[in-house]
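Worksheet: the structure to be examined is printed underneath.
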Amino acid sequence: MSNLPFDPLLLAIAIPLAVAVAIACGLPKRWSIRLAYVGFAAPALMALHTWFYFAGQTQVHGYAYLTNYSTGLDGIDGLGISLKLGLNGISLPLFVLAGLVGLAAGLYAIQSTAERLKIYLMLLLVMQAGLMGVFASVDVVFFYLFHELALIPTFIMIGIWGGRDRSYAAMKVTIYLTAGAMLSLIGLIALYVKSGAPSFDLITLRQIIAARPLGETVQNNIFALLMFGFGILVSLWPLHTWAPLGYGQAPSSAAMLHAGVLKKFGLYGLIQIALPLLPHGAAHWSHTLAALAAVGNVLIVGFITMAQRDLKQVIGYSSVMHMGYAFLGIACYSVLGAGGVVLLMVAHGLSVALLFLLATSIFHRTHTFELTEMGGLAQKTPVLAAFFVAATFASIGLPGFANFWGELTIFVALWQYSHCLTIIAISGVVISAVYGLRAAAKVFFGPPTEAFARVAAQHPPSDLNWREKLPALILLAALLFIGFWPKSLSTPLDATLHAVYAAPAAVSGK
Amino acid sequence: MDIASLQTLAANNDWLAIMPELLLGCLALALLALEIILPAKLHSRLPAVALLGVLALLVFQLLGFTAGFVESESFNGLLVHSREGQVMRVFFLLAALLVGVIGTISLAKQKLPHTEFYHILLVVTAAMMLLVQSNHFVMLFVALETVTIGLYILVSYFRSSPLTLEAGLKYLIMGALSSSILLFGIVLLYGVAGNPELTGHTASAMNLDSLHAFLAANRHNFLASVGIVLVLSGVAFKIAAFPFQIWVPDVYQGAPTPVTAFLAVASKGAGFLVLLVLARTFSPYAWLLAPVLTLMAAATLLFGSLGALTQHNVKRLMGLSGVSHAGFLLMGVVAAGTQSMAIGAIYFYLFAYLLASFAVFGVMALVAGPDDADQEISHYAGLAKDSPFLALVLAIGLGSRAGIPPQAGFMGKLFIFIAAFKAGLYGLLTVAIVGVVISIYYYFSWIRAAVFSSSTLPDGDANARPARTPVSFTTGLVLGLLAFGTVLLGLYQGVLGQWLNTR
Amino acid sequence: MLQHAILILLLPLLSAAVIALFLRRQGGIAAIVSTFTAASIAAIALILALHGGRGENHVDWLTLGTFTLSLGVKFDDLAALMLVIVGIVGLCVHVFSLGYMHDDGAKARYFGGLSIFMFSMIGIVLADNLFMIFIFWELVGFSSWVLINHWHEKTSASDASKKAFITNRVGDFGFLIGIIWCYWANGTVNLTQLGEHHVFSTAIALLLFCGAVGKSAQLPLQVWLPDAMEGPTPVSALIHAATMVAAGIYMLCRIHVLMVPDALTVIMWTGAATALYAACCAIVQSDVKKVLAYSTLSQLGYMVAAFGLGSLVTEENGTKVVIAAGVGAAMFHLTTHAFFKALLFLGSGSVIHGCHHEQNIFKMGGLRTKMPLTFWTFTLGVAAIIGLPGLAGFFSKDAILYLAFANNKAVFAVLAFTAVLTALYMTRVWRITFFGAARSESAAHAHEGGLTLTLPLIVLAVLAVIGGYVGIYPKVFTGVFELIPEAHGADHTTILITSLVVLILGAGSALLFYKPSATDALEERSPGLFRLLASKLWFDEIYQWYLDKVQQRFALLLNFLEQIFLAGFIVRGGAGLVGLFGLGARALHVGKLNVYLYWFLAGVVVLWLFATGVL
Amino acid sequence: MIHAGLNAYVLLSALLFAIGFFGVLLRKNTLVIFMGLELMLVASTLALVAFSRFNGTLDGNVFVFFILTIAAAEVAVGLAIIVALFRSRRTVQVDELNALKH
């Protein structure tokens, strides 16, 4: 039983922010780095703490650690916006994910030799604070606000530390994501206004809508806004083209945090907010969503991934493809489907972060992301190869890694929804194996290519050092832990989903 | 009209109620007097005197010395001292203070007398404060013209520069034209409302309350509606609403940077306050007002965003993006027709806009060279490397203007959107989303120039951009406070928020 | 019982974890850890099978909504038998590997892989529900990938491992659909509960069979198994001959209650076709491991066909008794095959090791004298597989032939003919490898390996000899062995004669036809037939054509469309269009006061029109 | 009669206003434009006085004085700007004053 004398959620947000501010105020580099360790470790520790003590917490309206901080707008006649923090079974897994991936990304960033490391760390810390905030927020406005807070550093990091095409990529990502965010913001406002709730507090919204569900047309319209708005953010086909480009150009830590955690914002929003509050809207749009996800994300993007020749593009597109499963899980509208999506989100977050991390480590040894110019790296760097293989197998859903549970539960849930879509979705299992193993083989196995031999002669590649290994180990350990012990996440998740989905499901007659 | 009735009228003259305006006027005069009295070497201290005076007034106002007059009329109905008026006094004083600070930077680059600049600034500020409290067309017009004529001078203040003079002339002619149109509208309304043949005609047709009563009694009077659109045209010029926005980029570019800031923030704020007051007065004509303002809002939003999209002169960019901000505010005004919370949203938006804009203009003044009209985005290359602080302030300011959380601009947009949604303005909201997305592009281009590109341009022509002014302690403090305030207001709305709540 | 079952499951996992975490550079210690684990597994497996009770239990592992996935142990005679096979063969292979992989640079990875494999395989064996089977199903696929890819610097090994995994995934595609369908149709996937109550569905049965098609390399997914021989030979013995590929058969036996006649027919013919096809292919192979690989395929086809032949109706004491003879025959053959095929593979490994990694049988020869122990054990293996009476293969093959004879004469014919071919190619490889003079430098200097290489051979040889006598097995496997069809009377004679004729026909013609020489006799005498058989019916070529010309081109086309149409035309084009509007809006600011004043006029006029109600 | 009288004043005023407007619109010389602007103000004052007279309210008359003052101030500032502009640009034609554009 935890009896912390402070609010772990607030600290998880405030400490990285405070460190970022301290760095911005001109802390010397050495101290900046030392403090950055604190800034990245604190959220992870808080997240782990909440994870382990979650079951013992007293829950108010299904939320543990519920605390309210005034913003001046939460008064009697106010808009009811306040910084309300709390965790339920849906947000807990993602909070943990954010903490862990943040720590890994932070450690990886600290060891990197990025130019202007201080600013890089500062931005990363701001992003980290935003990520923790997104999943800890019970208030819808702050949920959105923290997302944007985390988003801005992404743009800047892509713009400054990105690859060759960074300028265009940063711009495209910015505009796409802003458009998505704006659409979803309007959707959230619509939800607030149409429900007549006195506040943006999700608990209040739930209570009010449970008592008086929204009309069907209203639900359909709002759900459309949220679906396409969040859909852009989560790279729903065909609104996904920003993702591979952006990830291809983003510096590793930014890509890890964005693809790993921030991208889950939209899915989280759909599961935590849209589905329970708009059951009819969800039912109305589920066919569109499922069709787009299955045919677009899984099949088309799956095939496109096979055609990629750049390692980061493979990872980027594969990430888009896996989001298809998540959308399919959401389209099912069931506890099982939504739970599967949450599991998949956590698993995918960890694995894709690991893949981006390793891709960068590979780049430092091959000086290229072109698959055709690599080969035989495993002979020089067996540990790196082992990590990459593990990450690849995790991402293609091998049992023992967390991803498997997510995919499996989504498939099981999906069968009830549509046999045909299930078959399409499961065919993705083969597709992902094809491109995943192809990439691993091209990079690591077989004899070295001429191009790589030349590079290797100039810069003899060394194996992963401890400073690279540690963040990778954190992610891999988490993947395996959840892979072997899914209950650690699924038990609170199941309880919350039951509570959240019970009432509206009854209403919609499902 | 005998002495006794005049005395009765004068009994209502509560001079204490307009103490801030009076003190501001006195300070302005004192500046001129001091310039004559003091030896020349002390003249450089006069701006500081002016700024300290404004600061003192600001404190005076914030401490609520005029709060006792809230919800009362004075000067026989010429002025109404509303809570909004109190808040807007703070707004204008703050704007004047910041314009003064930016002015010290910009004026230092010119060989021009400084004192008059502050003198006029103070007078115009006082006039603006009166303008937003006026409840009578005469008062309104006089205050408005005082503001406008003061601004003519300020816009063409750098009189050695032909561009500035050109801007001044353009502003003058178009401003005068719009004033004439406004005046003619007032005259028509006055004529109609005083017409004894109409029901509800009033003897004091210039008084807004009486006019409102008259309009409520005659909801479809042709002449009145013509008067209303003429008045609206005049106000639309002030707030730079489509299609009366066309002067904006030229004048903004030519005007000295602090004046541009003044135009962009204070003048626009005053315009919106007047618009709000008038919209309330004209509310019986909602059948006319609502579609006109809605279309105006949509067009303004889109035109501003599109115009700024490919702009590379930052002053013009600020102008055109300001036009799109006017669109957002107009959206609030439309929503205010049915949703009272929209008024609070507009005020909040204005404050957020003030903080963010002055942060940006402050950086602009520091980056600009002696040729004030020539401020290109490319001049910002490498700013983050040379001065991370300025880049940060710029990024926060632009981010807030773009409506990105956690800056105050986001909250402002959020409130406006909520109000608009409550009012059912779905079409406008759609346009607003498009506008926001487009605006992201140009704000981001600017940030990109400042943050991403290195200071040596691709052609190695590093001398192409003017030398930047080093950041002094005061400037740094002010800019830092602005940036901090922008972020703080985004996260914690506090007093302002509570004030909005109680609306 | 359960504690032991959990222990036997977790031991290899622990071993793999220890090796991965701490023993990466200590290959020697890793080998010992892994082998010790294998020995413990074998020991515990025997204890469990012989002395432990039977039973089942499970824990809920993941609950979401109405769906609960549990992990559990179902330990019946079938599982016990399979566990013993895995334990014994696994131990033999581990010991053999100690010698075979002695000089390998990545010994730790190899033995770690073996441990992972043991974990996964035991998981399949013990699993009490289909989802759990699927979990370990995938994991054996992974360990197979690791081990085939052991010499990853060779492109062929890398490609083969990829092919194996992906082909398996194709099978698993159907398998998983089948499991999920089964789950929703029956409300459970627990094997025992399914046995008590389930819906009859051909589709579910066939989808589940897909898993077996992939894992047991049945037509048309057989292509990966011959390629998998790129892995180290002990791996081929353990995974690609004795255990993993047999898991498909085991899984079918686990779910035989779900089988409906239509599905069984399909399964039967798939197995028969595979048996015949692979036997044909085996005839023309020159790589000793490839011969054994095709032989494995063929024998797996046998087992699948046996399973597909289904139940047998016999009359005992006047009452009709239906026994699941397919299960019995398949499992019986699985058992004996595990022993003699592991023996053959390890024998070939010994040969390859002795010949300094020469695998071409035409470059061997004369090994009979140089490697006598290997020769004799290999000979026993060959005798067993070709069904020499008295040896293990004879009994199990007879059981299958009898079942086929009783249930379906056409299949009987196919299987009998396959048996001829089996005798033919096994004798061929035996003769060419061990007899005559050494035909290469490496064969000339061949030598017998150390104790670690020979000991497993001896153990397996003994098992290959005695493995066919049901009587020698302890009475603990009766649950399986009582299902073995036994011919009586006239049938018995027919089958016996058939198998003897088959044996003589196949082995005799091979002895006559193939002489120990450097070239293939068939290639010389009948090049057309040789080429036909060597083509393997162009399966690989067709798949390759599909991959290169269809799938990859389709992927490239989609990529092109995405880049050009979506990201280019629509997104960039849209942005460009907005940009044009922007330029237009900018161009409106012409700088002339007069023009601006017209804007005012226009504005006033428009507003006027509003006021007058025109607009 | 009385109403016709008011209408006449208002019409005249509107006419004057229109003349002023079109003067501003069509003329190129800044000074003439300025005269047009003044004409528009005067048109308003005319209407004000007329309304004041016919409606019997005094506000209009008072307003006129303010307007005249404002007009004077406007002219003063305007002429100062025009003069300064003429000094630097040697022209008061609005056509030629288009350095600020796009």
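Order of the sequence lines sets the chain letters (A, B, ...), proteins ahead of strands, with each chain counted from 1. Remember, predicted model here, so these are calculated numbers, not experimental data.
Between atom CG of residue L491(B) and atom CZ of residue F146(A) there is a gap of 7.0 Å, rounded to the nearest 0.5 Å. Between atom OH of residue Y441(B) and atom CD1 of residue I175(A) there is a gap of 6.5 Å, rounded to the nearest 0.5 Å. We find the CZ-CD1 distance between F417(B) and I189(A) to be 6.5 Å, quoted to the nearest 0.5 Å.
Within the 4.5 angstrom heavy-atom criterion, atoms from both the backbone and the side chain of L414(B) approach chain A. Both the backbone and the side chain of A170(A) come within contact range of chain B, judged by heavy atoms closer than 4.5 Å. The parts of S445(B) that come within reach of chain A are both its backbone and its side chain, each placing non-hydrogen atoms under 4.5 angstrom from that chain. Heavy-atom distances place no part of S82(A) under 4.5 Å from chain B, backbone and side chain included.
Side-chain contact between F155(A) and R448(B) is absent, with no heavy atoms from C-beta onward closer than 4.5 Å. Here the side chains of Y426(B) and N221(A) are not in contact, with every heavy-atom distance at 4.5 Å or above. Taking 4.5 Å as the limit, some side-chain heavy atom of V141(A) sits within range of a side-chain heavy atom of M411(B).
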As a quick check of understanding, evaluate side-chain contact (heavy atoms from CB on, under 4.5 Å) for F410(B) and L149(A), giving each step before the final call.
CA-CA 11 Å; F410(B) 164 71; L149(A) 180 65; over 6 Å; no
Mind running side-chain contact (heavy atoms from CB on, under 4.5 Å) on I81(A) and F415(B) for me, showing each step along the way?
CA-CA 11 Å; I81(A) 300 172; F415(B) 297 152; 3.9 Å; yes
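For residues 388-407 of chain B, the interface with chain A (any heavy-atom pair closer than 4.5 Å) comprises I404(B), P405(B), P406(B), sorted by residue number.
Interface remark: of the candidates I418(B), V436(B), I438(B), I418(B) forms the most heavy-atom pairs closer than 4.5 Å to chain A. Between chain B and the options L185(A), L83(A), L151(A), heavy-atom pairs under 4.5 Å are most frequent for L185(A).
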